[in-house]
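Here is the structure we will look at, set down as structure tokens.
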Amino acid sequence: MYLLLAAHADGAAIQRVSPAGKATADARVVSASELPDVVHELEAQRPRWVWLRTQDWYPALLAAGVELERCHDLALCGAILAHSEFTAHTNYALNAEKLTQDDGSQPPRALQPPAPPAEQGALFEDPGPRQAQAGLEELRTEFAAQQHALVQAPADKQKRLQLLLAAESATAMIAAEMQHSGVPWREQLHEEILAGHLGPRPPAGHRPAKLEALCAELRSILKSPNLNPDSPQDLMRALHRNGIEVKSTRQWELQESSHPVIEPLLAYKKLSRLHTANGWAWLDTWVRDGRFRPEYVVGGVVSGRWASRGGGALQIPRNIRGAVHADPGHKLIVADASQLEPRVLVALAQDTKMAEAARGKDLYAGIAAQGFGGDRAKAKIALLGAIYGATTGESGRLMPQLARTYPRAVGFVEQAARDGEAGRTVTSRLGRSSPPPSQGWLRSQRSTTAEEQRRADSLARSRGRFTRNFVVQGSAADWASCWLAELRRRLRTLRAEGSPSGELVFFLHDEVMVHAPDDAVDACIRAIEESANAAKELLFGAIPVEFPVSIAVVDSYDKAK
DNA sequence: GCTCTTTGCGCG
DNA sequence: AAAGCGCGCAAAGAGC
């Protein structure tokens, strides 16, 4: 059963529709204030809520204490259907293409423009003149068009695409739920870490004591009393004056030199990073009442990975993970899909030889034993190089060796690279396709002069590396979305049964964090493992490739891994 | 003054 | 540790 939820002048409008998007009942207009109660009541029928964007509705419902089971996010699903190779022949995709000027990366139809940053709590109020909300009829038309496009996909692809749309919509709900619950974060512990590294909190706009001391030391060693070590240009000039001939001020390049300034300089850079990116200002801005509440952007990456907005949620550095701490009587369960991308490649390419190597917990060790004389480091470099498209360095040199042992796996990514170089799109396992080449790229490929030709070849190879990586990263993102959606379902089931259960609080590409009361830990671990297995079967069926999950039960995040 | 780009580094 | 993929963010630098 599908229930459409659309903005309306008097609040919201709700209408029951068929799977094909036909209205099967009259619309019902509900005021903003009574919406949570009405939605909660209707949820008993276990509908799939169809709305333009999850973040327009769900955060405020959660704030009102209403959790929902499933939805269809028209904006996210529309973006997938407009570009998927599986529906490229449909009117839906063709119309979307007509409406986009350049690279086709914009969402289709009425779904533009994309979301403004959503202010929690303001969502049921007047959306303002900035953007007219799509009405019920518009949404119904859009939903019908999407459902029609879906059934036109080739029979063997339709199930996958349907799964992708469901998983994408589920993760949109999960992102809202995670933002609602927040990551358990102890301000006190964070401040202790900062004080330990940087000294006491300085007045706003000032360097902390330890940074100030290092800065003075750098100025003295480099005989540059006005040096600003935060300015790459200034720093580079000072280094050159002292005979340190670097081309940039990057860490790894500075490490080449043995000059006495290097050690304090690297120490300065490290501490400066901590201060500016995750210091007191960050803590004040992003952590409230023991929770870090970042904004996740589902579908924010072309490959299907999440992005985030504000707070650097997907870049929590290792040195402050100690501040992520479970509540009393609770644990953090941190689960990581081991070597996800290589394993996804094995499954995509159906490389039986590499599947043998992946039988054990450590895939790289297995590959090392089969073709690299037991040298695990070499095997890892070679395999990652194949996925990323390395051409030079050790990684590039190891490619022929890897290709001899695993022609199917290497052939699979090579094909994706050739597709990209030729301007074709590539597609993830469940049907998310890479963006088509831009007009500028296509123009470059028709260039004539030798100089232009060299540039065009370089652009073509660059696109090849992108599409090569896309098929693996995108399919890994497919897997992770299914893992997450399955896990959410199991945690909800536990709760519905009245059993102890945990709460999803963080997700990072191939890693999830569940915050759970002590007595729920075992059940949560089982749910995480079952979900990983379910995700594999959903994507690939019953194939002999394992997707092992490593799980740590800890009090604080720094104790995981 | 303001906005946009570049540099460098954090994460997977 | 790498130089090959995908991101976000802070501060400096460049341009209007």
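Order of the sequence lines sets the chain letters (A, B, ...), proteins ahead of strands, with each chain counted from 1.
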Rounded to the nearest Å, what distance is computed from the CD atom of residue A:Glu256 to the P atom of nucleotide C:dA3? 10 Å

Would the base of C:dG8 count as contacting A:Arg309 through its side chain, where contact means a donor and an acceptor less than 3.5 Å apart? no

Give me the ring orientation class for A:Trp280 and A:His275: parallel if the planes are under 30° apart, tilted from 30 to 60°, perpendicular past 60°. perpendicular

A:Thr249 has its side chain closest, among C:dG8, C:dG4, B:dG8, to B:dG8

Let me spell it out: for each of A:Gly300 and A:Gln255, pick the nucleotide of DNA chain C with the closest heavy atom. Which residue's pick is nearer the 5' end? A:Gln255

At under 4.0 Å, does any side-chain N or O of A:Gln251 touch on OP1 or OP2 of C:dA1? no

Nearest-neighbour nucleotide for the A:Ile381 side chain, B:dG12, C:dG6, C:dA2 considered: C:dA2

Is there a donor on the side chain of A:Gln315 or the base of C:dG8 sitting less than 3.5 Å from an acceptor on the other? yes

Whole angstrom value for the distance that separates P of C:dG4 from CZ of A:Phe470: 22 Å

Answer with base, sugar-phosphate or nothing: what part of the nucleic acid does A:Trp252 contact at a heavy-atom distance below 4.0 Å? sugar-phosphate

A:Lys269 side-chain N/O to B:dG8 phosphate OP1/OP2 under 4.0 Å: no

Main chain of A:Ala349, side chain of A:Arg408: is a donor-acceptor contact present, judged purely on distance under 3.5 Å? yes

Below 4.0 Å: OP1/OP2 of C:dG13 and any side-chain N or O of A:Ser231: yes

With a non-hydrogen cut-off below 4.0 angstrom, is A:Gly396 in contact with a base, only sugar-phosphate, or nothing? nothing

Please work out if A:Arg250 contacts a base, only the sugar-phosphate, or nothing of the nucleic acid, heavy-atom cut-off 4.0 Å. sugar-phosphate

Please test A:Lys561 against A:Glu511 for salt bridge (charged side-chain N to carboxylate O under 4.0 Å, His left out), starting from the C-alpha separation and ending with a verdict. CA-CA 11 Å; A:Lys561 276 202 260 196; A:Glu511 183 181 322; 3.4 Å; yes

Indicate whether OP1 or OP2 belonging to C:dA12 is found under 4.0 Å from a side-chain N or O atom of A:Asn228. yes

Base, sugar-phosphate, or nothing: which does A:Arg321 touch, judged by heavy atoms less than 4.0 Å apart? sugar-phosphate

Main chain of A:Val505, side chain of A:Ser181: is a donor-acceptor contact present, judged purely on distance under 3.5 Å? no

Quick one: do A:Asp230 and A:Arg207 satisfy salt bridge (charged side-chain N to carboxylate O under 4.0 Å, His left out)? Show the steps, please. CA-CA 11 Å; A:Asp230 297 323; A:Arg207 285 199 184 92; 3.6 Å; yes

Below 4.0 angstrom from OP1 or OP2 of C:dC5, is there any side-chain N or O of A:Arg465? yes

OP1 or OP2 of C:dG4 versus the side-chain N and O atoms of A:Thr392: is any pair under 4.0 Å? yes

Using a heavy-atom cut-off of under 4.0 Å over every strand shown, decide if A:Glu341 touches base, sugar-phosphate, or nothing. nothing

Double-helix bend of the helix from B:dG1-C:dC16 to B:dG12-C:dC5, axes at both ends from 5 pairs, round to 10°, gives 10°

Can you check whether A:Ile80's main-chain N or O pairs, donor with acceptor, with A:Ser84's side chain at less than 3.5 Å? no

A:Phe507 CZ to A:Leu504 CG distance, which is reported to the nearest 0.5 Å: 9.5 Å

Between B:dC9 (C1') and A:Leu314 (CG): distance, integer Å: 15 Å

A:Arg397 has an atom CZ; how far is it from atom P of C:dA2, in whole Å? 15 Å

Remember a base hit wins even if backbone is also touched, and classify A:Arg468 as base, sugar-phosphate or nothing at under 4.0 Å, heavy atoms. nothing

After noting the C-alpha distance and the side-chain angles of A:Glu394 and A:Lys380, does the key distance pass the salt bridge (charged side-chain N to carboxylate O under 4.0 Å, His left out) rule? CA-CA 11 Å; A:Glu394 190 182 6; A:Lys380 182 176 177 181; over 6 Å; no

Nearest whole Å is fine: how far is B:dC11 P from A:Tyr296 OH? 16 Å

Taking the minimum atom-to-atom distance to the side chain of A:Thr276, which one of C:dA10, B:dG8, C:dC7 wins? C:dA10

Would you mind classifying the nucleic acid contact of A:Lys378 as base, sugar-phosphate or nothing, using non-hydrogen atoms under 4.0 angstrom? nothing

Phosphate contact (B:dC9 OP1 or OP2) by A:Lys270 side-chain N/O below 4.0 Å: no

As a test of reading the structure: which of C:dG4, C:dC5, B:dG8 is closest to the side chain of A:Ser248, going by heavy atoms? B:dG8

Nearest to the side chain of A:Asp230, heavy atoms from C-beta on, is which of B:dC11, C:dA11, B:dT7? C:dA11

Give the rounded distance in Å between these two atoms: NE2 of A:His509 and P of C:dG6. 13 Å

Closest listed nucleotide, where the reference is the side chain of A:Asn469 and the choices are B:dG12, C:dC5, B:dG10: C:dC5

Rounded to the nearest angstrom, tell me the gap between atom CE in A:Met236 and atom C1' in C:dA12. 13 Å

Pairwise 5' ranking along DNA chain C for A:Ala390 and A:Asp234, keeping only the more 5' one: A:Ala390

Whole angstrom value for the distance that separates C1' of C:dA12 from CG of A:Asn226: 17 Å

Would you please test A:Arg160 and A:Asp478 for salt bridge (charged side-chain N to carboxylate O under 4.0 Å, His left out) and show each step? CA-CA 10 Å; A:Arg160 290 196 219 162; A:Asp478 290 346; over 6 Å; no

Would you call the rings of A:Trp185 and A:His190 parallel, tilted or perpendicular, where under 30° means parallel and over 60° means perpendicular? tilted

Counting only side-chain nitrogens and oxygens, does A:Ser303 get under 4.0 Å of the OP1 or OP2 atom of C:dC5? no

